[in-house]
Amino acid sequence: MAVAADTAAVGAGDRGRPGWIRALTDDGTPLGPPEWVADLPAAVAERERESAPRWVWAVGEDDYGLLVRSGVRVARCHDVALTEAILLGREGRHEAPHLLGAAWARLRSLPVRPDPPRQAPEAQSALFGLDAAADAPDAEHRLEMLVDVYADQVRRIAAQERQAPGLRLLVAAESAGALVAAEIEADGVPWRVDVHDAVLTELLGPRPFGDARPAKLADLAVRVGEAFGFPPSRGFNPDSTPQVLRALRYAGFQISSTRAWELRQLGHPGVELLLEYKELSRLHAAHGWAWQDAWIRNGRFHPEYVVGGVVTGRWATRNSGALQIPRIMRRAVVADEGWKLVVADAGQLEPRVLAAVSGDVGLARAAGEGDLYAALAAEAFEGDRAAAKLGLLGAMYGQTKGGIGPLLAVLRSRFPAAMGFVEEAARAGEAGGMVHSRLGRTCPPPSRRWRAAVTGIGGDGADEGGGAGGGGVGLDGGGGPGEPGFDDGGPDGEGAESADFGRQSAQVARARGRFTRNFVVQASAAEWALVWLALLRRSLAALAAENPGSPAPHLAFFVHDEVVVHTPQELAAQVADAVAEAADGARLLVFGPTLVRFPLATAVVDCYADAK
DNA sequence: AGCCCTTGCGCG
DNA sequence: AAAGCGCGCAAGGGCT
């Protein structure tokens, strides 16, 4: 009487090993009673072999992480927490709690409590997105909650079919992203500690004891101090911005900051030393020996991704700075013996995405070429590629100064649909409205502070963006994305009357306009990349299945528009093909028929640093 | 000692 | 040549 289920909900038990499984139809209707299994990873692996259902779980980061650590991989999932965040975002409630407990409470019109804080990885399996309080429901009850919330999410997605037809794909891709993230975290980036050491030693001198400054930095610090007239005994610290500022002002320079580009204009002999110090100091602090101790285990760097951690849907990382690995440190990323790295970079991704989402035929034609900027330059900028690039980037970021005006004017006249698209998004943002990505991810609404600063009223009026259970919006103070710190226009209420209130409020409004202008592009680009990743993951699994005699290739790294696959050498060519096919598949799924292409710069290398 | 903010730079 | 999006992270420094 085995029923082949499309979908199966899964719940981890408190100790991680036992758990519950329940077969469902794809709309969440149970096909039978919950089934207790003594060894959850083994049971999941068995069902995966039998029917490869779409697994439903509360928090992929935890639930799938547990499975992966037990050596189990699955093909598909529905991640309730990530889905809830996307659905809440469409309601303008980005800050509302989104884990299973909160989602279920909202569904039942019960009081919604804040999401529990993240726990150490060892404790994660027990959490299941719920408070570990004394009244936390047992595993079987949690499975019921999971099934209820899943069915509700399926209904909510279906209800948005007209306004957001891409939502189903977005949820699938976001969930698949969580699979990729968990697998990369477990497999890790191949990282040669000896090479890392060699690079550090070459640049900084030998590893110092404790947290002493490495020799090269100590030496530079003294020389910088001397150059600016500090006797060595005074202990000049180039890491201290106020000290550097004082020194330079004392030397007669009018300088507003110690940013590198500003220092470079000074022409003081100490500046070069200072810049060298700053560069090396940063390398040491951010990716030096301490970082190595913390993050490299057994020749692998294990980053922690936060899927959908950025408002635009880009991934973030926790603690390791994985998305900011300095180019020079990529020399330490080396394939194992007999293996290769396939490194693929989707070049000029955002302008291509703009061409696709805006439906601008002229820009799409340029984006059908290998070098979009060159094509654009030939078409509208008399062959001046630099001008074409500057103009297009300026249009996507909302640049107004630096002589960009004429370039934007050319773009407006030649590519009205593309320019109209970003300018419409900017106007919506300035007016406090919401914008959406290609697949339906929604930008956050303006904060209370933003509205107060723009309208001059209602600094703390009724603000709850509707919705049961409200909870949690909490501190609205920091200024959200697109809302860089702005002053409240004066020490007290009379700011609203002051002469420059209008100017300030326009400035604040425009800042949000730049955010929404960029959101529609960056968020759509993130979706293309997510689908690319998901399709590639599927192809790699198929490739592994076709080559049982060979170890399996695996995704090793992902940064916004770039992937690294670690593969047995004999499969490298096929992996490179798979990467390209996935890119084209993502184009079709996300954008449908379009002239736009997403060409990749792909390299098969031993060392990441050799890819570019 | 620890919190919170600012600064500056790494990445895309 | 410098002002235009999204982030994470470390260090300094003011505060409690």
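Residue numbers start from 1 in every chain, and the chains themselves are labelled A, B, ... in the order their sequence lines are given, proteins ahead of strands. As a basis for the values below, the full set of heavy atoms in this structure was taken, side chains included, without hydrogen atoms, waters or symmetry mates. Because the structure is predicted, anything quoted here is derived from the model rather than measured.
- Residue pairs meeting the ring-ring contact (aromatic ring centres under 6.0 Å, His included) criterion with at least one member in residues 207-228 of chain A, sequence neighbours excluded: A:Phe228-A:His268.
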- Let me have DNA chain C in dot-bracket notation, would you? Count Watson-Crick plus G-U wobble pairs, both distances under 3.5 Å, and use [ ] for pairs crossing earlier ones and | for inter-strand partners. ....||||||||||||
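- Here A:Leu349 lies out of heavy-atom contact (under 4.0 Å) with every strand.
- With B:dG12, C:dC7, C:dC5 as the choices, the nucleotide that has an atom nearest any side-chain atom of A:Val559 turns out to be B:dG12.
- Within 4.0 Å (heavy atoms only), A:Arg517 reaches no atom of the nucleic acid at all.
- When each of A:Gly321 and A:Met396 is assigned the nucleotide of DNA chain C with its nearest heavy atom, A:Met396 is the one assigned upstream, toward the 5' end.
- Of the possible polar contacts, none joining the A:Arg192 side chain to the A:Arg331 backbone as a donor-acceptor pair under 3.5 Å is found.
- The aromatic rings of A:Trp291 and A:Phe301 sit tilted relative to each other, their planes meeting at an angle between 30° and 60°.
- Across the protein-nucleic acid pair, A:Leu393 atom CG and C:dA3 atom P stand 15 Å apart, rounded to whole Å.
- The salt bridge (Lys or Arg N to Asp or Glu O under 4.0 Å) check on A:Arg314 picks up A:Glu350, with sequence neighbours excluded.
- For the segment residues 254-284 of chain A, residues with any heavy atom less than 4.0 angstrom from an atom of DNA chain B are, sorted by number, A:Ser257, A:Thr258, A:Arg259, A:Ala260, A:Lys278, A:Arg282.
- With salt bridges taken as basic N to acidic carboxylate O contacts below 4.0 Å, one links A:Arg587 and A:Asp584.
- At a threshold of 4.0 angstrom between heavy atoms, the contacts of A:Gly398 are confined to the sugar-phosphate backbone, with no base atom among them.
- What separates CD of A:Gln324 from P of B:dG8 is a distance of 18 Å, to the nearest Å.
- Atom OH in A:Tyr305 sits about 18 Å away from atom P in C:dC7, given to the nearest Å.
- Note on A:Thr400: a side-chain N or O is less than 4.0 Å away from OP1 or OP2 of C:dG4.
- Atom OG1 of A:Thr258 and atom CD of A:Gln243 lie 12.0 Å apart (nearest 0.5 Å).
- Side-chain atoms of A:Arg314 come within donor-acceptor range of the base of B:dG12, with a qualifying N/O pair under 3.5 Å.
- Closest to the side chain of A:Gln399, from the set C:dC5, B:dG12, C:dG4, is C:dG4.
- Between the OH atom of A:Tyr397 and the C1' atom of C:dC5 there is a distance of 5 Å, given to the nearest Å.
- Classified by interplanar angle (parallel below 30°, tilted 30° to 60°, perpendicular above 60°), the ring pair A:Tyr305/A:Phe558 is tilted.
- Atom CH2 of A:Trp528 is separated from atom CG of A:Leu589 by 12.0 Å, given to the nearest 0.5 angstrom.
- A salt bridge is defined here as a Lys NZ or Arg NE, NH1 or NH2 lying under 4.0 Å from an Asp or Glu carboxylate O, and A:Arg213 with A:Asp239 meets this definition.
- The shortest distance between the side-chain N/O atoms of A:Arg213 and the OP1/OP2 oxygens of C:dA11 is not below 4.0 Å.
- No side-chain heavy atom of A:Phe253 sits less than 4.5 Å from a side-chain heavy atom of A:Val271.
- Within residues 402-413 of chain A, no residue has any heavy atom closer than 4.0 Å to DNA chain C.
- Atom P of nucleotide B:dG12 and atom CD of A:Gln522 are separated by 14 Å, given to the nearest angstrom.
- Here the C1' atom of nucleotide C:dG4 and the CD atom of A:Glu423 are 15 Å apart, to the nearest Å.
- Atom NZ of A:Lys389 sits in a sparse spot, with 12 or fewer heavy atoms from other residues, nucleotides or ligands closer than 6.0 Å.
- From A:Gln292, atom CD reaches atom NE2 of A:His196 across 5.5 Å, with rounding to the nearest 0.5 Å.
- Nucleotide C:dG4 holds its C1' atom 18 Å from the CZ atom of A:Arg512, rounded to whole Å.
- To the nearest 0.5 Å, the span separating CD on A:Glu430 from CZ on A:Arg517 amounts to 8.0 Å.
- Following rounding to the nearest Å, A:Trp291 (CH2) and B:dC11 (P) show an atom-to-atom distance of 14 Å.
- Looking at heavy atoms from C-beta onward, A:Met434 lies in side-chain contact with A:Pro445 at the 4.5 angstrom threshold.
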Please produce a list of atom pairs where a protein N or O lies less than 3.5 Å from an N or O of nucleotides 13-16 of chain C.
from	atom 1	to	atom 2	distance (Å)
C:dG13	OP1	A:Ser240	OG	2.5

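- Taking CD1 of A:Ile325 as the reference point, atom CH2 of A:Trp191 lies at 4.5 Å (rounded to 0.5 Å).
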